[in-house]
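What follows is a short report on a single structure.
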Amino acid sequence: MTDTSPIAPGLRKEVLLDIKDLKIDGYTGEEWVPIIKGVDLKLHRGEVMGLIGESGAGKSTIGAAAMGYARDGTRIVEGSSIEFDGIELTTSTEADKRALRGSRIAYVAQSAAASFNPAHKLIDQHTEAPVHYRIQKRMEAQEDAIQLYERLRLPNPGEIGFRYPHQVSGGQLQRAMTAMAMSCRPDLIIFDEPTTALDVTTQIEVLAAIRDIVDQFNTAAIYITHDLAVVAQMADTIKVLLKGEEVEQQSTEKMLAAPKEDYTKSLWAVRSFERDQKARPENATPLISVQNVDAAYTGGVKVLDDVSFDIYEGMTVAVVGESGSGKSTTARCITGLLPPTSGQVLFKGEPLPPKYTDRTKDQLRQAQMIYQMADTALNPKVRISEIIGRPAKFYSGLSGTALKSRVDELLDLIELEPSKYYDRFPPELSGGQKQRIGIARALAAEPSFIICDEVTSALDQLVAEGILKLLDRLQKELNLAYMFITHDLATVRAIADEVVVMQHGKVVEQGPKLEMFTPPHHPYTDLLLSSVPEMDPNWLTTLLEERGVDNVGEAADV
Amino acid sequence: MGLFVILYFAFLIIASCLAAYFEKRGPFILLFSLTLVSFVLGIVGGAGALRFVAISAAVLAFAAGISYAFKEFLIIIAPKNTAKELKTAPLTAAFGMFVIFTYAIAGIFAPWIAPHGESEVISSAFAPADANMLLGADQLGRDMFSRIIYGARNTVGLALLATIAAFVMGALAGLLAAVKGGWFDQFMGRFADVIMSIPSLIFALLMLSIFGPQIGVIIVAVAIIYAPRVFRLTRAVAGNVVVMDYIEAAKLRGEGDWYLIRKEILPNSTAPLVAEFGLEFCFVFLLVAGLSFLGLGIQPPTADWGSMVRENATLISFGDITPLIPAAAIALLTVAVNFVVDWMLWRSSGLKEM
Amino acid sequence: MGDILPLVAKRLGFGLLTLLVISVIIFFMVELLPGDIAQAVLGQGATEENLAALRERMGLNDPAIVRYFDWLSGAVVGNFGESIVTGERVSSIITERFVNTLFLAAYAAVIAVPFAILLGIIVALLRNTLFDRVANVLTLTSISSPEFFLGYILILYLAVKTSMFPAIASLSGDLSFGELLHRTFLPALTLVLVVTAHMMRMTRAAIINLLASPYIEMARLKGTPPWKVIVKHALPNAWAPIINVVALNLAYLITGVVLVEVVFVYPGIGQSLVDAVSKRDFPVVQACCLIFAATFILLNLAADVGAILTNPRLRHPK
């Protein structure tokens, strides 16, 4: 693992997979609509190609098509050509295609937990293909599996295969699935978002394992993901897709250094926005003060343990941590959705009633939320005017023309043309516009404090940046305090004044942003900070060198 | 080999060949296997059996034709959005809508359509059909056709009332349980489980034995029996909506339960609830029909399909199909509603496989 | 197996509790009668003496709660008291008929269950073909038809017009088994038609649901041949839904049996229930209801326990 471009240019000659003018239709219940609109793809032996794009770009569909497989509800249009090692898959019989699958082309799915059959042991599923193709006898195949498990650095390689899928953790399952894909030493593996469902610290070990093994066996791979930083680590070439069409294809270095198309540039756009850190106002009472909060869901498992931090007027506090660290639960305690089992939340020095149902209208008004998924945050059956107008009517008692002008004012504030959006429904808007409506709804209540729960993580880089700028402008104009829940450190750098790091329901470390980003860190903060993939193609290699291969992920957990 | 048999096979064979020539695989397989089956059927059952097949096919073709015409008619008169939905309806659903429409007309305008009164004795018992009595007379000499028409009003009306009662109770409870959660939700869930663990017909019989077979009792009994089923479904549908962030946002705003139900949850759960209403209607209708067949439904002399089957059942042993007519009326409406529901469920399931 | 026992025990406990609650409902519903049972039986014109005598005979002078526990403890050992109308012991009226009903239901189930599951699986595998569509229309038609409609059609064509089977299923003591099957064929066939349609639809839905799981797609993408996908990957996970479907439909069978028994004048417990209801013979009604409800609950219980036992996640705990 010293060379970052594992295939020497001389080996790139032989074409393994040649897709020409691939068109795929999807069935909507009434008619067939094109979802892939003529994509070409050429993959050489030993080459790793990254397919990236937003959801709906058709990358997964292309991945399946590379195996000659059309998912239920899709069909490959006549005239497309998929040639694998000289075999034309679109015209081959089902039996011929089947003979390739598993043996020469293998597949690694996004959710290993759902893609392993719950009724069989891992190793029995692993050996199924080699035994079926008579490549190995059952016992040989098992030994081979154990060796692969060892290479993929699974704990207890001799024993882990004899467990059932639900007895093994997600990151381990994903590696076991990669091992399974390797069982017949295929020429090509399709990785369909293999690390999307994993936490950043777990993601690293899976990435490292996948890259290692693909490298060792010189297997060609198509790596499908929406995460640019991840694909930068894994791929030799990158193909960018947008709505079923290719945008551009380049070698990874070129693509990162000098993207040609505007769309690609917007994806790559390095966060230019960064705000100066504000200091706490002196001798002021914190706007929100979380004091020694413990919380548990019904069932008794404690999810928050002695959490304390303060948020001052006009300041942004970023709360970071992996899923399960309790950052969203803290937000639920503040809003009163989950009353703490002990401890309290103060607002301007006054304790808030623990349950939201016991709070006054004014207390409710002061703290608003903006959600991660704008799709589920806005009722699809309610007009924009009503979504934004309701809080204004509810809290301030506005009606008639006063209400209408207030809604217009709010739409202006979030930079959307009032006359154009007033009567529309959320499903007619784009992701970024929906998120803006969510912000307007929060502003309509005239709050002093807003909880932003991963507000930019579902958006494209450029749109996300727009939202961050908007939030910053609003903060200055309206003197708002933000609690920013996120796992994205770039966002933290851009907008935060203070940072709170959480792990397993506890606050691990907290302080002003600049202090937090300068070493020495708490070991967990360090792990978290260093585990977030960066756009630099050498990042993973450098990281592994720093940490040592056996010291990533769960092994490094503190 | 009569002329009919020759024509019969000639038609089938020509049609199969045409289907094969134009590469219509489905119709070809259907037509050709029908041809092969007909050979066997013709040998075993003679021309009579083939005639039966031909008549069935003609009836099917007739039904298909009228369904298609009715669908096109609806598409023309419906507003734009509804018309777009209607275009996706399969023929079965169109047939269902046509039948429901016909029943509604018969029920609403019964007194004008029926040639005789519902309990008017106009001839001798079991008199055969003639120009005056399209379907003959029943066991007391009343006009069967008129009673069938009135039955559409009485039987369907009763079932509809009972379904609405069950639906209002169940849906309200389900929505409230979804919004409130906590112990109310738990309690209602358990309560529904208990009621549902008594077989519906048995529970209805128990209540009718105690309170007597009156219309009010039937409606209440059916409502009690079916409300838990509606509750369960509504709870499940609303449960999917309640977890949405927009509900949380509304709750945190301080909105009351009623606002949440009316403005946030109901608009997002109408489609499955409408389908469920149709489904429940089928169950209720069959239950009510079963009860009146057992003599525990609407009491005579009011015309009611279930009891008409029972009253005329003796005719069956003489090979007369009269008692089957009201039974078929029940079956036809239930099938029709089921066809429409099947389409709506398919549409709302989002499971749009090819 | 550590996790399974408590789960099964919990489910059994809940089933027992449900049964208890239902016995309460069945018993106390009769107490809701305007007046009391004696009044209801003898009617408005009854003299005070007659009423008092009947109350004495039925033990109505005790408080309801005492009578409930008497009734329940009797019911547990099969003693449901005496019929108000004939004065016979309820158990002697019911026992033989209950056996007959069980026989009819079992007869129908033996034919319907394997047939329906097999057809359901075939239809699921052939989904969205013409065959599937035709099957969909046919099964919908069948579940939409009242039992008595199907029953009378069968009588008309198989008994009256062709006399292949008897229209009335009268049973006498010394019938050979073959003769018994022949005589009860039409009621059994009616039940089979209704239940098969239901069961087929449910099996189809369950299998399609299963085939949509990612691990089935994974198996296909591993190059596993179709038959092996079904046998090795789908079937081991299909037991729970299939057991569920079977139990639900057997439970449905017990309700269907009441109407079918009336159509074919079959001497089963359903007939007794209907007779008792029209005669307002409350002890018999209560006994029949309790038996039907208990069977229903037992079947559901069996389904849930079956589903727990076949769940691989529970069989191999972490």
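First the proteins, then the strands, lettered A, B, ... as listed; each starts at 1. Computed from heavy atoms alone, side chains included, the values below leave out hydrogens, waters and symmetry copies.
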Contact origin within [X] toward chain C - heavy atom pairs under 4.5 Å:
X: B:I316; answer: both
X: B:L286; answer: side chain
X: B:F285; answer: neither
X: B:A328; answer: both

Atom pair OG (C:S278) and CG (B:L208), whose distance is rounded to the nearest 0.5 Å =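 Spacing of OG (C:S278) from CG (B:L208) equals 11.5 Å.
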Gap between atom CD of C:E147 and atom CG of B:L201 - 0.5 Å precision =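 One finds 8.5 Å between CG of B:L201 and CD of C:E147.
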Are there over 12 heavy-atom neighbours, none belonging to [X], within less than 6.0 Å of that residue's [atom1]?
X: C:F28; atom1: CZ; result: yes
X: B:Q186; atom1: CD; result: no
X: C:L20; atom1: CG; result: yes
X: B:F283; atom1: CZ; result: no
X: B:F32; atom1: CZ; result: no
X: C:F165; atom1: CZ; result: yes

key: Pick from B:L324, B:I29, B:T92 with the largest number of heavy-atom pairs that fall under 4.5 Å of chain C   =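 If we count pairs closer than 4.5 Å to chain C, B:L324 comes out on top.
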query = Do you know which of B:P90, B:G290, B:C282 has the most heavy-atom pairs under 4.5 Å to chain C?
reply =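 The residue among B:P90, B:G290, B:C282 with the greatest pair count is B:G290.
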For residues 193-200 of chain B, tabulate all N or O donor-acceptor pairs below 3.5 Å that involve a side-chain atom, not counting sequence neighbours.
residue, atom, partner, partner atom, Å
B:D193, OD1, B:R232, NH2, 2.3
B:S197, OG, B:D193, O, 3.4
B:S197, OG, B:V194, O, 2.7

request  = Could you look at C:F14 and say if it's the side chain, the backbone, both or neither that has a heavy atom under 4.5 Å from chain B?
outcome  =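 When you check distances to chain B, only side chain atoms of C:F14 fall under 4.5 Å.
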inquiry  = Counting only non-hydrogen atoms closer than 4.5 Å, does C:N136 touch chain B with its backbone (N, CA, C, O), its side chain (CB onward), both, or neither?
reply    =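 Only the side chain of C:N136 comes within 4.5 Å of chain B.
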Between [options], which has the largest tally of heavy atom pairs under 4.5 Å with chain B?
options: C:N300, C:L19, C:T295, C:V258; result: C:V258
options: C:I26, C:V277, C:L273, C:V262; result: C:V277
options: C:L17, C:V285, C:L140; result: C:L140

Closest approach of [X] to [Y] (non-hydrogen atoms, all atoms of both residues):
X: B:T334; Y: C:S144; value: CB-O, 3.3 Å
X: B:I202; Y: C:C289; value: CG2-SG, 3.6 Å
X: B:I210; Y: C:R280; value: O-NH2, 2.6 Å
X: C:P146; Y: B:I330; value: CG-CG2, 3.6 Å
X: C:Y152; Y: B:A313; value: OH-CB, 3.2 Å

Plane angle bin for C:F148 and B:F293 - parallel if under 30°, tilted between 30 and 60°, otherwise perpendicular =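 Plane angle under 30°, so parallel.
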request  = Apply side chain to side chain contact (heavy atoms under 4.5 Å, CB included) to B:V309 and C:F149, showing your working.
outcome  = CA-CA 9 Å; B:V309 178; C:F149 182 49; over 6 Å; no
